[in-house]
Amino acid sequence: MIALRTTREFDLIRESCKVVGAAHQALRDLVRPGVSTGELDGLAEQAVRSAGAEPAFKGYHGYPATACISVNEVVVHGIPGERTLESGDVVSIDIGAKLKGYFGDQAITFPVGEIEEPVSCLLEVTRQSLFDGIDGARAGGRLADISGAVQSCVEENGFSVVRQFVGHGIGRKLHEDPPVPNYVPVDRNPRLRAGMVLAIEPMVNLGRPEVCVADDGWTASAVDGKPSAHFEHVVAVTDGDPEILTMTEDELGFL
Ligand code: MF3
Ligand code: CO
């Protein structure tokens, strides 16, 4: 069952997304060589709590932190800790928040210091694939319009879409129906309707698509050890253009 949200619920989800966006904005300038992933996580938690919200990932199936911080070949769910960032790294930061019973969720991959090709191209293509997917989130269309748009963008540029993790509906829970894969064919291909809210989150590998999870039960890395990128937005399907609930002034200025 895919929930259809009222305008008031869109507003509540947007509020939670704003908290997540502000946390990303606060971290953006601190992502530089020498900072540890644990420090970044502490700042993410402060940003979320000072906005009156709760970290959504902490405690979720036992996840121990506010943010997932995934460096280089780590695709998703990297656990923050003592690792320090170095120039040339790429770091994905994924943050979730819960405010007034509604969830927000966003991921951005940042370059650390100076990065080289083809890694900077990987970041650009992954961001572009997210926007291509978002453009497919239109009432009357189908879920596969999103998935297919992401996959085409990624594969036309010679990169690989991760299969083991997918996007999701979001609202009263962090993960709701439907799963939102970044590839076609999809198992279920529901029609999109105004009121649906989807977290679209391409995870893209520079090399092969396979991912394996470490003994900690979370850290998911590219099997071939090559870098990976992850961008995520929460998007509302409307009667008109899709609305990106996680969009910030900061990102608008950057695009
Ligand atoms: N953005 C990711 C997702 O939606 C992060 C979940 S991390 C977890 O799946 F710790 F909450 F599992
Ligand atoms: Co998500």
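Every number for a ligand or one of its atoms is a count from 1 in the order of the listing. Throughout, numbering of the chain's residues begins at 1 and tracks the sequence.
By the criterion of a heavy-atom distance under 4.0 Å, the side chain of Tyr60, and not its backbone, is placed next to ligand 1. Contacts between Val76 and ligand 1, counted as non-hydrogen atom pairs separated by less than 4.0 Å, are absent for every part of the residue.
The Co ion (ligand 2) does not have His175 among its coordinating residues (no N/O/S atom, backbone or side chain, under 2.8 Å). Look at Asp94 and the Co ion (ligand 2): no N/O/S atom of the residue is under 2.8 Å from the metal.
Near Glu232, meaning under 4.0 Å from one of its heavy atoms, ligand 1 places the atoms 1 (N), 4 (O). Atoms of ligand 1 found under 4.0 Å from any heavy atom of Leu174, numbered from 1 in the order shown, are 11 (F). Near His168, with a cut-off below 4.0 Å to any heavy atom, the atoms of ligand 1 are 3 (C), 4 (O). Residue Tyr63 has at least one heavy-atom neighbour below 4.0 Å for each of these atoms of ligand 1: 10 (F).
Within the 3.5 Å criterion, the main-chain N or O of Cys153 finds no donor-acceptor partner in the side chain of Glu156.
Annotation for Glu249: atom CD does not count as buried by contact number, only 12 or fewer foreign heavy atoms lying within 6.0 Å. Counted within 6.0 Å of NZ on Lys58, heavy atoms from surrounding residues, nucleotides or ligands total more than 12; the atom is thus considered enclosed.
Contact analysis leaves Lys58 out of contact with ligand 1, as no non-hydrogen atom separation drops below 4.0 angstrom. Look at Glu201 and you'll find a heavy atom under 4.0 Å from some atom of ligand 1. Look at Cys68 and you'll find a heavy atom under 4.0 Å from some atom of ligand 1. The closest approach between a heavy atom of Trp218 and any atom of ligand 1 is below 4.0 Å.
Ion pairing between Arg127 and Glu251 holds under the 4.0 Å rule for side-chain N and carboxylate O. With respect to Arg208 and Glu73, no salt bridge is recorded, no charged nitrogen being found less than 4.0 Å from a carboxylate O. Salt bridge annotation for Glu176-Arg172: absent, with no cationic side-chain nitrogen under 4.0 angstrom from a carboxylate oxygen. The existence of a salt bridge linking Arg163 and Glu210 is excluded, since no basic side-chain nitrogen approaches an acidic carboxylate oxygen closer than 4.0 Å.
Atom 9 (O) of ligand 1 has its closest protein heavy atom at His175 NE2, 2.9 Å. Among protein heavy atoms, atom 2 (C) of ligand 1 sits closest to Asp94 OD2, 3.0 Å.
Outside the 6.0 Å centre-distance limit, the rings of His77 and Tyr63 are not counted as a close aromatic pair. The aromatic ring centroids of Phe131 and His233 lie less than 6.0 Å from each other. Less than 6.0 angstrom separates the ring centroid of Tyr60 from the ring centroid of His175.
Annotation: angle subtended at the Co ion (ligand 2) by Asp105 OD2 and His168 NE2 is 90°, to 10°.
Partner of Arg138 under the side chain to side chain donor-acceptor pair (under 3.5 Å) criterion, out of Asp239, Asp241, Thr238: Asp241 alone.
Restricting Glu232 to its N, O or S atoms, the one at the least distance from the Co ion (ligand 2) is OE2. Closest to the Co ion (ligand 2) among the N, O or S atoms of Glu201 is OE2.
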